[in-house]
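Reviewing the structure listed below.
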Number of protein chains: 2
Amino acid sequence: MTQPTRRQIIREETTQEILDTARAQMAERGAAALSLRAIAREMGMTAPAIYRYFTDRDALVTALIGQAYESLRQALEEAHQQNLQEGARKQLLAVGMAYREWGVSHPAEYALIFGTPIPNYHAPEETTVPLARSALGVLINVIQEGLQSGELRPLEEYAALSPGLREEQGDIDPQVHLALALWGHVHGLTSLELYNHLQSLVEDPAELFRLELLSKVEFLFSKDSKQ
Amino acid sequence: MTQPTRRQIIREETTQEILDTARAQMAERGAAALSLRAIAREMGMTAPAIYRYFTDRDALVTALIGQAYESLRQALEEAHQQNLQEGARKQLLAVGMAYREWGVSHPAEYALIFGTPIPNYHAPEETTVPLARSALGVLINVIQEGLQSGELRPLEEYAALSPGLREEQGDIDPQVHLALALWGHVHGLTSLELYNHLQSLVEDPAELFRLELLSKVEFLFSKDSKQ
DNA sequence: ATAGAATGTAAACGCTGTTAACTAAGTTTA
DNA sequence: TAAACTTAGTTAACAGCGTTTACATTCTAT
């Protein structure tokens with residue numbers, strides 16, 4: 001409501017500095033090397049001081065996960081916005097490529113979100129589920145536009161799924177499940193590449209990714225019978 | 001060459017007991033909770049004793065990864081063998097389902113292989129790459145049989161990929177890239193499910209997985225032009 | 001000016017992986 | 001059989017970690 005007091009400003013700055021330092025160290029030494037003491041050391045503080053800003057190591061990690069999801073969402077949204085005039089097919093391709101590129105350029109944050117790099121940390125679902133949903137929302141929006149414009153055909157197989165969701169939210173099933181399928185596809189190849197499982201098997205993972213994404217998107221847009 | 005001495009036998013037994021205890025604790029408390037001291041404690045030993053059997057915590061982890069890969073490979077191979085008379089299409093479906101089921105029933109080992117649950121551990125590629133390759137080999141074999149029997153069509157789009165590999169190994173490209181594409185697809189949905197990213201978005205992840213796998217396999221088997 | 005809240009510190013606890021020095025037992029050789 | 005050697009375990013210690021407690025300082029508001 002009222003403007004923040006002097007103290008609240010400094011507190012907010014220190015909080016952000018902690019998060020920034022943590023993110024920098026993650027980028028340097030990997031998400032698993034995250035350490036409250038190391039963060040405090042680099043900031044010229046002692047470790048217990050951090051507890052004035054985050055109740056836990058887990059709380060800090062949760063905040064980092066929040067920022068990472070938001071960064072991913074922005075990257076996807078940017079790809080979407082840059083192809084607004086292009087039609088759903090190109091938009092899906094752009095968003096898919098942006099997903100991989102964000103992972104490649106943010107490997108530690110990717111691991112933080114999609115792996116389990118922090119020992120004994122369990123993400124609180126009440127915060128991570130909405131975050132994941134909002135990043136996925138970009139994909140869902142693109143698909144919804146494609147469905148409305150008639151570019152995309154709704155796959156009738158998906159109708160059988162998730163009746164609980166349909167009861168709650170009406171008929172959002174098709175685009176959610178199309179989005180999940182595409183997400184799974186894109187995430188699989190990205191994480192295989194990031195965790196070095198494609199090494200020495202394929203020369204150019206980016207090209208494999210592009211071909212697979214292309215093939216998947218073309219499949220979604222094919223108007224013929226499924227076979 | 002000669003039969004193992006008495007000492008070599010009990011050494012081998014202790015080594016296996018360490019691995020078994022580690023695997024049990026991973027299953028209970030998660031891969032990230034792996035601890036040399038806890039393993040030793042449960043075995044009635046002290047922690048430094050383990051160093052007589054593994055030079056490092058990392059060496060133990062690498063051994064565990066080896067066992068996990070082998071367990072995964074066996075599960076896939078079993079699915080393959082049980083559908084030998086069924087044709088490539090059903091075999092691919094069976095192997096894909098077996099992949100997910102192994103992940104669901106071995107979440108900690110799945111994280112160990114495909115995530116980064118151990119802080120500051122980096123898998124030595126010279127050991128993990130052949131292991132991953134041998135698990136992938138099951139998929140490759142099924143696809144190769146499908147190609148040879150004519151059930152599967154080679155995707156010409158993949159021909160341009162990884163030319164360097166072809167020089168070394170002959171013409172193994174098509175089945176390798178088909179396998180990688182399928183692996184990426186299957187792995188993506190499996191890891192999303194395992195790390196709770198599908199929660200409250202889809203009611204029955206197994207059914208979503210089955211539909212997606214079916215769709216992908218049908219696509220691979222379609223004889224028409226790509227569009 | 002003074003009371004209170006906010007923000008930092010130092011010290012300590014229990015946990016971790018790891019190393020060094022030592023002991024006890026088993027195995028091999030003279 | 002006795003001596004020499006190898007192997008497998010111990011205890012003690014070190015550095016690092018997250019975390020808690022008790023205390024000091026400083027900024028803010030009455």
Side-chain angles (χ1 to χ4, degrees), chain A residues 2-19 21-22 25-26 28-65 112 116-124, chain B residues 2-19 21-22 25-26 28-65 112 116-124:
Chain A
T2 71
Q3 58 177 358
T5 71
R6 184 166 199 78
R7 246 204 193 141
Q8 286 172 325
I9 291 175
I10 297 184
R11 180 176 183 82
E12 183 55 37
E13 284 174 358
T14 314
T15 305
Q16 269 304 323
E17 190 185 344
I18 292 172
L19 289 168
T21 310
Q25 294 193 355
M26 270 177 43
E28 258 186 52
R29 303 194 270 268
L34 197 140
S35 151
L36 293 189
R37 293 188 117 107
I39 294 168
R41 216 177 298 134
E42 187 165 323
M43 291 178 63
M45 298 197 320
T46 59
I50 296 188
Y51 285 78
R52 300 292 175 190
Y53 300 90
F54 297 93
T55 69
D56 252 337
R57 179 205 59 165
D58 286 15
L60 173 59
V61 172
T62 301
L64 286 170
I65 288 180
L112 193 61
T116 54
I118 311 290
N120 306 317
Y121 170 81
H122 290 293
Chain B
T2 69
Q3 59 176 357
T5 71
R6 183 168 197 77
R7 253 211 188 130
Q8 288 173 324
I9 290 176
I10 59 176
R11 179 175 183 82
E12 183 55 36
E13 284 174 356
T14 316
T15 305
Q16 270 304 325
E17 190 186 346
I18 292 173
L19 289 169
T21 311
Q25 294 194 354
M26 269 177 43
E28 256 186 52
R29 302 194 270 269
L34 197 140
S35 150
L36 294 188
R37 293 187 115 109
I39 295 168
R41 217 177 296 135
E42 187 165 325
M43 291 177 62
M45 298 197 320
T46 59
I50 295 188
Y51 286 78
R52 301 287 174 192
Y53 300 89
F54 297 94
T55 69
D56 253 338
R57 178 206 58 164
D58 286 16
L60 173 60
V61 172
T62 301
L64 287 170
I65 287 180
L112 194 62
T116 54
I118 311 291
N120 306 317
Y121 170 80
H122 290 293

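On a predicted model such as this, the values are computed, not experimentally measured, just so you know.
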Study note, to complete from the structure: Of all heavy-atom pairs linking A:Gln25 and A:Ser35, the shortest is OE1-O, 4.4 Å

Exercise for review: Only one of A:Thr62, A:Asp56, A:Asp58 passes side chain to side chain donor-acceptor pair (under 3.5 Å) with A:Tyr121; say which it is.
Suggested key: A:Thr62

Review point. What are the two closest non-hydrogen atoms of B:Arg11 and B:Arg52, and how far apart are they?
Key: NH2-O, 2.5 Å

Practice item. Grab the CG-P distance between B:Asn120 and D:dA15 for me, whole Å please. Key: 19 Å

Review point. When we call it a touch if two heavy atoms are under 4.0 Å apart, what does A:Tyr53 touch: a base, just sugar-phosphate, or nothing?
Key: sugar-phosphate

Practice item. Send over the distance from B:Met45 CE to D:dT11 P, rounded to a whole Å. Key: 12 Å

Review point. For every nucleotide of nucleotides 13-30 of chain C, 5' to 3': is a protein heavy atom under 4.0 Å from its base (B), only from its sugar-phosphate (S), or from neither (-)?
Key: ---BBBB------BS---

**Study point:** Rounded interatomic separation in angstrom, taking CZ from A:Phe54 and P from D:dG18
**Key:** 14 Å

Revision key, fill the gap. When rounded to whole Å, the CD to C1' distance for the pair B:Glu12 and D:dA8 reads 16 Å

**Study point:** Value in whole Å for how far the P atom of D:dG18 lies from OH of A:Tyr121
**Key:** 15 Å

Review point. Once you round it to whole Å, what is the distance between C1' of C:dT7 and CD of A:Glu13?
Key: 15 Å

Review point. According to a strict under-4.0 Å criterion, is B:Thr46 in side-chain N/O contact with OP1 or OP2 of D:dG9?
Key: no

Review point. What are the two closest non-hydrogen atoms of B:Ala32 and A:Pro119, and how far apart are they?
Key: CB-CA, 3.4 Å

Check your understanding: Which heavy atom of A:Ala63 sits nearest a heavy atom of A:Leu19, and at what distance?
Key -> CB-CD2, 3.8 Å

Point to revise | Considering all heavy atoms, the nearest A:Ala49-A:Met45 contact | key: CB-CE, 3.8 Å

